**Q** 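Pasting a structure below so you can have a look.
Order of the sequence lines sets the chain letters (A, B, ...), proteins ahead of strands, with each chain counted from 1. Please read these numbers as outputs of a predicted model, since none were measured by experiment.
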Amino acid sequence: MSLLDGVELVDHHCHGIIGTDVDRAGFESLLCEADGPGRWHGTLFDTHVGLSVRRWCAPLLDLPSHAPADDYLRRRRDLGAAEVNRRLIGSLPTRQFLVDTGFQPDILTSPVELADLTGGSGREIVRLEQVAEQVAQGTDAAHFADQVRAELTRRCTHAVGVKSVAAYRVGLRLDPARPTEAQVRDAAAGMLRDVDHGLTARVADPVLTRFLIWSGADLHLPIQFHVGYGDADVDLAECDPLLLTPLLRALGPTGVPVMLLHNYPFHRHAGYLAQVFDHVFVDVGLALHNVGPRAPQVLAELLELAPFGAVLFSSDAFGLPELYVIATEVFRRCLTGYLDSGVAAGDWTSDDASRIATGICGGNARRAYQLGPP
Amino acid sequence: MSLLDGVELVDHHCHGIIGTDVDRAGFESLLCEADGPGRWHGTLFDTHVGLSVRRWCAPLLDLPSHAPADDYLRRRRDLGAAEVNRRLIGSLPTRQFLVDTGFQPDILTSPVELADLTGGSGREIVRLEQVAEQVAQGTDAAHFADQVRAELTRRCTHAVGVKSVAAYRVGLRLDPARPTEAQVRDAAAGMLRDVDHGLTARVADPVLTRFLIWSGADLHLPIQFHVGYGDADVDLAECDPLLLTPLLRALGPTGVPVMLLHNYPFHRHAGYLAQVFDHVFVDVGLALHNVGPRAPQVLAELLELAPFGAVLFSSDAFGLPELYVIATEVFRRCLTGYLDSGVAAGDWTSDDASRIATGICGGNARRAYQLGPP
Amino acid sequence: MSLLDGVELVDHHCHGIIGTDVDRAGFESLLCEADGPGRWHGTLFDTHVGLSVRRWCAPLLDLPSHAPADDYLRRRRDLGAAEVNRRLIGSLPTRQFLVDTGFQPDILTSPVELADLTGGSGREIVRLEQVAEQVAQGTDAAHFADQVRAELTRRCTHAVGVKSVAAYRVGLRLDPARPTEAQVRDAAAGMLRDVDHGLTARVADPVLTRFLIWSGADLHLPIQFHVGYGDADVDLAECDPLLLTPLLRALGPTGVPVMLLHNYPFHRHAGYLAQVFDHVFVDVGLALHNVGPRAPQVLAELLELAPFGAVLFSSDAFGLPELYVIATEVFRRCLTGYLDSGVAAGDWTSDDASRIATGICGGNARRAYQLGPP
């Protein structure tokens with residue numbers, strides 16, 4: 001019997017899946033953080049995620065493990081998106097999903113639609129920038145702050161957390177101070193001028209970013225931050241979680257948990273922050289299923305300094321149900337391997353291993369997000 | 001017979017131990033770099049150091065290995081601090097301790113008291129900032145520099161090195177130039193104004209930091225730098241040893257060895273510096289006993305670029321005798337494993353392994369600190 | 001039969017070898033990135049490269065593996081440089097060498113001389129700074145840009161790529177914009193004033209660096225960048241490949257491949273760039289043969305995010321033929337081990353492994369440098 005048998009799994013950061021069929025280019029563009037197959041590197045099936053699709057998902061579609069990519073895509077098309085989604089998501093052991101609804105919600109399943117495929121439950125994480133950008137389409141600078149706060153409160157009535165994509169907009173080198181109302185008004189005026197000129201509102205100003213973070217903290221909900229690894233839009237040099245140190249110090253007294261997502265290749269830095277700040281939680285979602293046979297080392301590196309009570313599971317799966325399957329399988333294998341090895345080496349007992357596993361798989365998330373008992 | 005049998009061990013950076021009993025909260029607060037147990041992460045016994053205490057220290061107190069934390073603390077209290085210290089420190093193979101006396105010396109054993117528990121000898125490392133802060137309590141800006149130099153010379157009569165905690169005060173992004181007397185006077189005036197206002201003197205000015213480092217170099221003693229991993233007071237983003245590169249270049253001609261302590265998670269950077277600068281020595285003290293089963297990888301990463309002649313052993317143990325036991329055990333296991341594996345793989349011979357072990361365990365420290373023969 | 005048997009090897013970044021005998025100090029100074037043996041660390045034979053020379057090169061000179069350094073150097077001297085070069089280079093499986101001719105070409109073999117020792121072929125990589133510095137010895141600021149472009153075009157007639165050592169001159173934190181002609185003229189004037197004062201021309205100005213990079217891109221040749229690990233002249237803190245992100249974005253539309261060389265200790269960062277930018281290629285040359293038993297992990301870390309189609313082989317060997325032997329042996333062992341382990345673990349099939357190996361060993365370089373079929 002495996003260590004994780006019967007242990008509840010909470011995926012504390014994921015997105016929905018696409019309900020429609022995708023062609024090969026579309027499929028490859030969703031596999032990893034590359035925009036899609038290009039001139040120089042060849043097919044993105046020659047990445048770890050691509051190889052993992054063939055390994056773990058092919059059998060769920062009645063193909064042999066490691067079936068060629070063409071066979072896999074043909075079978076996927078023959079079954080249709082609905083059946084593929086049903087099979088792949090239905091295979092997951094996860095019963096609790098915390099879903100970031102802030103990016104392309106129109107093409108993705110809702111939290112409830114997603115969770116229904118596993119018979120589990122889905123809760124929402126509200127993306128701060130999305131709320132602000134919706135508000136910005138119909139307000140003025142003088143009312144922006146109040147309207148954002150009101151709309152955020154409304155949207156969060158049933159949400160369990162908020163998320164900041166500061167990393168994608170202004171980087172993580174953030175002044176920790178809460179901006180004044182006057183500063184927010186001036187910064188909002190800048191964004192609203194773009195709207196007046198017909199552009200879509202886009203929060204890309206450190207003052208607005210900080211206003212949103214502090215507004216989230218005022219709701220006493222956990223705040224997720226995209227940290228580290230992402231696509232070509234991110235400036236990874238400005239996404240080291242250590243850059244958040246002053247803000248983490250400032251948020252400490254609010255009692256609000258801060259969730260550092262992904263973190264790779266700075267996950268050791270994140271582990272350090274989790275050790276010295278009691279309100280910081282960390283994961284290596286997204287990274288874990290992208291690094292192939294090195295996933296055990298990446299998880300183990302996070303666990304070097306992070307206290308066991310500070311570590312969470314997330315898939316960060318987006319769009320393709322395959323990514324849920326792979327991320328979850330890889331995570332469970334890595335955690336099991338790590339804890340079993342420690343028992344074998346005498347580092348800890350099997351009781352310790354069970355307690356640690358229960359926390360990392362779901363207990364820590366339940367506590368931090370105040371989800372109540374499973 | 002093990003590779004390290006009979007090999008002398010010099011702990012080139014440690015602190016004293018506490019002579020009195022501590023309660024559970026006090027014990028947990030000394031385990032790792034977290035301030036103490038908090039609301040979110042649970043007990044700090046669920047860290048690698050906490051698990052290691054139960055594994056390796058429980059038997060030294062007549063308990064089974066992996067005894068529960070409560071049992072361990074009860075037994076510790078029953079035996080009393082003096083007996084616990086005697087048993088734990090007495091179990092060490094270390095006979096030479098270089099002790100940083102600059103932090104909370106009033107509650108810690110002196111170098112001689114510590115070493116007496118093992119029948120070994122203890123030498124002092126003088127913390128530069130502490131000397132300056134003591135002088136600052138009774139001087140004026142015009143005499144500050146001369147008095148610091150005089151007091152430092154006096155304090156170092158029997159010391160074997162000095163230490164800078166620039167990392168905790170101003171970060172490591174230091175201008176390499178020796179500041180002028182006028183610059184030091186002005187910077188001292190700023191600190192002394194705080195003293196005049198009733199505050200305790202605190203060196204937190206890059207000019208004073210640099211003045212102290214150059215004053216230390218003038219004494220021709222090795223200079224230790226805290227680098228990387230530390231508690232929440234450190235701004236880890238400013239503690240990458242690479243930030244010291246200009247200063248290391250400038251110090252090269254003085255002939256003074258520079259000791260980069262801890263270094264995690266930048267220990268590969270430290271290894272690089274040790275390769276390209278002959279006067280740079282490195283360790284992964286503190287980190288090694290905090291990372292649990294990953295300690296072999298952390299040491300191995302330091303040894304990627306660092307020449308074997310540049311690597312030292314330190315425990316950085318502070319307060320709890322348990323930390324000496326664990327740090328020393330972990331270091332010896334890791335080094336033995338690393339060198340034995342290399343022999344098995346044909347990377348080097350067993351004679352090579354013995355020579356390298358002798359250097360890293362003590363020979364390199366003896367040479368760098370000019371300690372004389374064992 | 002091994003995975004790499006019969007697989008073509010293209011060394012896409014190396015230098016020539018020295019045709020004359022070297023003494024012990026000279027030999028040690030070429031072993032790794034230290035200037036040479038110093039007062040504190042002892043002989044540089046106690047580095048991973050030093051140990052590898054004794055392990056792998058001694059038998060090629062008829063000595064037992066792990067022969068002492070003195071024996072090795074004596075035997076080397078007895079055989080003479082020509083015979084040593086013939087034996088060591090002759091032992092290589094590499095048949096295609098892309099040779100950076102920009103550093104100390106007067107004491108090194110030419111690409112053809114080098115390749116002749118293996119019966120293979122050698123092609124040239126032109127160092128941008130060297131061309132500019134040669135032009136600067138006989139021009140004025142008004143004609144500098146045109147003359148550099150003309151000379152670069154001439155020098156690249158038969159070259160397959162260009163190389164920038166921006167890392168050694170100004171760091172990698174480069175403004176991505178192509179400088180204007182007026183900016184180049186002004187910057188050239190600064191360099192030429194040094195020449196007027198009798199100094200040797202040296203490109204150490206970000207404007208000139210950027211001018212050279214864009215001039216290289218205009219030739220539609222791949223551009224190599226020194227990144228990360230190098231000797232004490234480099235400021236490693238300014239050599240993180242992530243600092244190149246804005247320039248990589250800007251170069252994307254030119255269709256020119258960019259080769260990030262070495263990358264250690266930032267090779268995970270390089271792997272990320274290779275995933276999100278289709279025109280970016282990466283290697284861990286130089287690092288791989290310097291890190292001893294950790295080479296498999298270093299290569300594996302590069303392969304965490306880098307698509308298999310983006311990874312290249314280079315030795316970065318310079319001066320000593322030993323470095324070719326060791327770099328090539330280490331690379332082949334690491335790649336074989338990595339791919340074989342993946343087959344054994346079920347991560348990929350042996351057909352996948354063969355395809356990936358063929359690309360990384362040579363196919364990717366042939367495609368990127370448009371070398372034609374082997």
**Q** So, the side chain of B:Asp347 versus the backbone of C:Pro293: is there a donor-acceptor pair under 3.5 Å, distance only?
**A**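 No, because the side chain of B:Asp347 does not come within donor-acceptor range (under 3.5 Å) of the backbone of C:Pro293.
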**Q** Looking at every non-hydrogen atom in both residues, tell me the closest pair between C:Gly230 and B:Val276 and how far apart they are.
**A**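 C:Gly230 and B:Val276 have their closest heavy atoms at O-CG1, 3.7 Å.
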**Q** Please determine, among B:Phe266, B:Phe281, B:Tyr338, the option with the most heavy-atom pairs under 4.5 Å with chain C.
**A**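 Sorted descending by pairs with chain C, the first entry is B:Phe281.
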**Q** If I measure from the heavy atoms of chain B, does C:Val49 come under 4.5 Å with its side chain, its backbone, both, or neither?
**A**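 The answer is neither part of C:Val49.
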**Q** For the atom pair OG1 (B:Thr349) and CG (C:Leu51), what is the distance rounded to the nearest 0.5 Å?
**A**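 If we round to the nearest 0.5 Å, B:Thr349:OG1 and C:Leu51:CG are 8.0 Å apart.
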**Q** Test of understanding: with side-chain contact (heavy atoms from CB on, under 4.5 Å), list the residues that count as partners of B:Arg332, not counting sequence neighbours.
**A**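 If we apply the side-chain contact (heavy atoms from CB on, under 4.5 Å) test to B:Arg332, skipping adjacent residues, the hits are B:Leu4, B:Leu9, B:Pro93, B:Thr328.
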**Q** Measure from the ring center of C:His41 to the ring center of B:Phe308 and say whether it is less than 6.0 Å.
**A**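 Judged by ring-centre distance (under 6.0 Å), C:His41 and B:Phe308 do not meet the cut-off.
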**Q** So, taking the atom named CG in C:Asp46 and the one named CG in B:Asp352, what distance separates them when rounded to the nearest 0.5 Å?
**A**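 Interatomic distance, C:Asp46 CG to B:Asp352 CG, rounded to 0.5 Å: 7.0 Å.
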**Q** Minimum heavy-atom separation for B:Tyr272 and C:Asp231, please, with both atom names.
**A**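 That would be OH-O, 2.9 Å.
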**Q** With the side chain counted from C-beta on, respond yes when C:Asn290 and B:Glu304 share a heavy-atom pair under 4.5 Å apart, and no when they do not.
**A**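 Result no, sub-4.5 Å side-chain heavy-atom pair not found.
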**Q** Between C:Trp40 and B:Val280, is there a side-chain heavy-atom distance shorter than 4.5 Å?
**A**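 No, too far: nothing below the 4.5 Å cut-off.
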**Q** For C:Arg55, which atoms come within 4.5 Å of any heavy atom of chain B: side chain, backbone, both, or neither?
**A**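 The side chain, not the backbone.
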**Q** Would C:Gln297 and B:Glu301 count as a side chain to side chain contact (heavy atoms under 4.5 Å, CB included) if you check the C-alpha gap in whole Å, the side-chain angles of each, and the deciding distance to 0.1 Å?
**A** CA-CA 10 Å; C:Gln297 284 81 6; B:Glu301 286 170 348; over 6 Å; no
**Q** Any donor-acceptor pair under 3.5 Å linking the side chain of C:His48 with the backbone of B:Leu303?
**A**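 Yes, the answer is positive, given that a donor and an acceptor are paired below the 3.5 Å cut-off.
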**Q** Hey, are the side chains of C:Arg54 and B:Trp348 touching, using non-hydrogen atoms and a 4.5 Å cut-off?
**A**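 Of all side-chain heavy-atom pairs linking B:Trp348 with C:Arg54, none is under 4.5 Å.
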**Q** Which is it for C:Leu236 and B:Thr245 under the side chain to side chain contact (heavy atoms under 4.5 Å, CB included) test, yes or no, and what are the steps along the way?
**A** CA-CA 8 Å; C:Leu236 194 61; B:Thr245 306; 5.7 Å; no
**Q** B:Arg367 versus C:Arg39: any side-chain heavy-atom pair under 4.5 Å?
**A**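 No, too far: nothing below the 4.5 Å cut-off.
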**Q** Can you give me the closest heavy-atom contact between C:Pro265 and B:Arg268, atom names plus distance?
**A**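 Reported closest heavy-atom pair: CB-CB, 4.1 Å.
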**Q** Chain B: which of C:Thr43, C:Leu44, C:Val234 shares the most heavy-atom pairs with it under 4.5 Å?
**A**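 Ranked by contacts with chain B, first place is C:Val234.
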**Q** Pull out the residues in residues 30-37 of chain C that come under 4.5 Å of chain B, heavy atom to heavy atom, sorted by number.
**A**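 If one takes a 4.5 Å heavy-atom cut-off, the residues of residues 30-37 of chain C near chain B are C:Cys32, C:Glu33, C:Ala34.
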**Q** Pick whichever of C:Val291, C:Asp235, C:Thr47 has the most heavy-atom pairs under 4.5 Å with chain B.
**A**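 With the most close heavy-atom pairs to chain B, the winner is C:Val291.
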**Q** For B:Ala345, which atoms come within 4.5 Å of any heavy atom of chain C: side chain, backbone, both, or neither?
**A**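 Just the backbone, heavy atoms under 4.5 Å.
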